[in-house]
Structure formats: C-alpha cells, structure tokens
Amino acid sequence: QVQVVESGGGFVQAGGSLRLSCTASGLTFHDYSMGWFRQAPGKEREGVSCVSGSGDNRYYVDFVRGRFTISRDNAKNTLYLQMNSLQPEDTAMYYCAAASYGYCTASWSRILRYNYWGQGTQVTVSS
C-alpha cells in the first residue's frame with residue numbers, strides 16, 4: 001500500500017522560511033517524479049514544482065522560482081521543498097504527489113498526471 005505523508009508546515013511571518021518534507025512508502029521511490037502542489041481556500045489546486053526520479057530535472061511555477069527549491073533524497077524516500085522569502089499569498093495547504101513517470105515534462109502541473117497524493121500540510125504566512 002502506497003503512503004505519502006507531508007510534514008513541516010506551520011505559521012511564519014512574511015519574509016520567513018519553512019522546509020516541507022514528504023515521505024513516500026510502498027513504491028520504488030526513484031522511479032517516480034514527485035511534485036508539490038498547493039491549494040488556497042476558494043482556489044483550485046496548483047502546481048508549485050516537480051523533480052524527476054533522479055533529482056536532475058526540476059520545474060518551478062513562475063511565482064516561486066528563485067524562492068523555493070525542490071530536492072529529494074532517494075536513499076530516504078523523501079522529498080523536500082525549501083521555501084524562502086515567504087509571502088502571505090503563499091498561504092495554502094501544500095500537497096506532495098507521486099507520478100509513475102520518471103521525468104517531469106511540460107505537463108508536470110497536471111493533477112491527473114499524479115498517481116498518489118498526501119493529505120497535505122498547512123502553511124500560513126502572516127503579513
């Protein structure tokens with residue numbers, strides 16, 4: 001049984017940092033590209049970043065590029081999202097997802113591309 005579990009969310013002031021983690025079990029982790037998504041109240045879920053199974057290929061949505069960094073440790077079956085210079089508009093529930101495609105492609109932010117999802121971790125940024 002595949003399990004995907006996020007952690008590391010919390011409350012932070014604008015300009016602060018958080019590091020999210022996501023641990024996946026029940027799958028061959030390095031065979032899966034991994035994505036971070038977020039969903040704010042009243043808004044659709046949106047892609048934040050994607051990393052390939054090897055960790056060499058990364059995509060970011062424009063509004064986080066230069067502030068967020070995605071990485072993975074395949075030995076630990078863990079995905080990370082380092083978030084710096086957080087702003088109130090980054091407030092959302094953040095989700096980790098696994099896709100059975102080894103690479104991130106131009107369609108990396110399509111929700112239907114991902115096979116497994118976590119329950120999310122809340123990030124709240126105050127002004």
Side-chain angles (χ1 to χ4, degrees):
Q1 181 180 357
V2 175
Q3 287 191 317
V4 178
V5 180
E6 304 94 337
S7 62
F11 185 92
V12 65
Q13 291 188 332
S17 298
L18 283 174
R19 188 174 83 155
L20 305 183
S21 298
C22 167
T23 300
S25 60
L27 51 74
T28 306
F29 188 67
H30 61 80
D31 284 344
Y32 284 73
S33 57
M34 300 293 294
W36 285 104
F37 288 75
R38 71 186 189 185
Q39 187 167 18
K43 295 187 177 181
E44 293 186 351
R45 193 170 298 190
E46 59 184 359
V48 173
S49 185
C50 178
V51 62
S52 62
S54 66
D56 293 338
N57 169 236
R58 306 176 188 185
Y59 281 75
Y60 296 94
V61 69
D62 285 346
F63 53 75
V64 305
R65 189 174 290 113
R67 299 190 298 127
F68 292 8
T69 302
I70 192 171
S71 62
R72 62 190 296 161
D73 184 339
N74 286 346
K76 296 181 178 179
N77 279 22
T78 302
L79 174 74
Y80 303 100
L81 185 68
Q82 177 67 43
M83 304 186 296
N84 298 329
S85 301
L86 283 162
Q87 299 301 317
E89 52 266 34
D90 294 316
T91 294
M93 185 72 79
Y94 282 72
Y95 297 91
C96 168
S100 59
Y101 307 99
Y103 282 87
C104 302
T105 65
S107 61
W108 68 268
S109 62
R110 292 184 62 192
I111 290 174
L112 292 178
R113 181 180 183 276
Y114 294 84
N115 307 96
Y116 305 105
W117 292 81
Q119 294 300 306
T121 185
Q122 178 67 38
V123 172
T124 302
V125 185
S126 67
S127 57

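Since this is a predicted model, take the numbers as computed values, not measurements.
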Pair listing, salt bridge (Lys or Arg N to Asp or Glu O under 4.0 Å) test, anchored in [range], at least two apart:
{"range": "residues 63-85", "result": "Asp62-Arg65, Arg67-Asp90"}
{"range": "residues 46-59", "result": "Arg38-Glu46"}
{"range": "residues 117-127", "result": "none"}
{"range": "residues 115-127", "result": "none"}

Quiz item: Among all residues two or more places apart in sequence or in another chain, which pass the salt bridge (Lys or Arg N to Asp or Glu O under 4.0 Å) test with Glu89?
Solution: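 Residues passing salt bridge (Lys or Arg N to Asp or Glu O under 4.0 Å) with Glu89: none at all.
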Self-check item: Spacing of Asn84 atom CG and Arg19 atom CZ [to the nearest 0.5 Å]
Solution: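 So the gap between those two atoms works out to 11.5 Å.
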Quiz prompt | From Leu18 atom CG to Gln82 atom CD, the distance as rounded to the nearest 0.5 Å | solution =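 Here the interatomic distance stands at 8.5 Å.
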Practice problem: Any ring-ring contact (aromatic ring centres under 6.0 Å, His included) involving residues 36-56? Give me the pairs, sequence neighbours left out, ordered by first then second residue. | Solution: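 Sorted pair list: Phe37-Tyr114, Phe37-Trp117.
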Quiz item: Which pairs pass ring-ring contact (aromatic ring centres under 6.0 Å, His included) with one or both residues in residues 60-96, sequence neighbours excluded?
Solution: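 Qualifying pairs: none.
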Exercise. Determine, stepwise, if the pair Ser7 / Thr121 fulfils side chain to side chain contact (heavy atoms under 4.5 Å, CB included).
Key: CA-CA 6 Å; Ser7 62; Thr121 185; 5.6 Å; no
Practice problem: Write out all pairs satisfying disulfide (SG to SG under 2.5 Å) with one or both partners inside residues 43-87, taking only residues at least two apart or from two chains. | Solution: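 The answer is Cys50-Cys104.
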Self-check item: disulfide (SG to SG under 2.5 Å) contacts touching residues 68-100 (sequence neighbours left out)
Solution: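 Passing the test, one end in residues 68-100: Cys22-Cys96.
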Quiz item: Which residues pass the side chain to side chain contact (heavy atoms under 4.5 Å, CB included) test with Ser126, sequence neighbours left out?
Solution: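 Partners of Ser126 under the side chain to side chain contact (heavy atoms under 4.5 Å, CB included) test: Phe11, Gln13.
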Quiz item: So, the side chain of Glu6 versus the backbone of Gln119: is there a donor-acceptor pair under 3.5 Å, distance only?
Solution: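 Indeed, once roles are kept as given, a pair shorter than 3.5 Å links the two residues.
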Quiz item: Counting N and O atoms only, with roles assigned by atom type, does the side chain of Asn77 sit under 3.5 Å from a partner on the main chain of Thr23, one being a donor and the other an acceptor?
Solution: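 No, Asn77 side chain to Thr23 backbone: no donor-acceptor pair under 3.5 Å.
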Exercise. Report the C-alpha separation of Val2 and Asn115 in whole Å, then their side-chain angles, then the decisive distance to 0.1 Å, and conclude whether the side chain to side chain contact (heavy atoms under 4.5 Å, CB included) test is met.
Key: CA-CA 10 Å; Val2 175; Asn115 307 96; over 6 Å; no
So, for [X] and [Y], which heavy atoms are closest and what is the spacing to 0.1 Å?
{"X": "Thr78", "Y": "Ser21", "value": "CG2-CB, 4.4 Å"}
{"X": "Ser49", "Y": "Ile70", "value": "OG-CG2, 3.2 Å"}
{"X": "Val48", "Y": "Trp108", "value": "C-CH2, 3.5 Å"}
{"X": "Ser17", "Y": "Ser85", "value": "OG-N, 4.3 Å"}

Quiz item: Same cluster for Tyr59 and Tyr103 if Ile/Leu/Val/Met/Phe/Trp/Tyr side chains link at under 4.5 Å?
Solution: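 No; Tyr103 is not reachable from Tyr59 via cluster members.
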Exercise. Quick one: list whatever passes side chain to side chain donor-acceptor pair (under 3.5 Å) with Ser52, sequence neighbours left out.
Key: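 Ser52 satisfies side chain to side chain donor-acceptor pair (under 3.5 Å) with Ser54 once adjacent residues are dropped.
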Side-chain donor-acceptor contacts of residues 27-34 below 3.5 Å, not counting sequence neighbours, with atom names and distances?
unit_1	atom_1	unit_2	atom_2	d
Ser33	OG	Tyr101	O	2.7
Ser33	OG	Arg113	NH1	3.2
Ser33	OG	Arg113	NH2	3.3

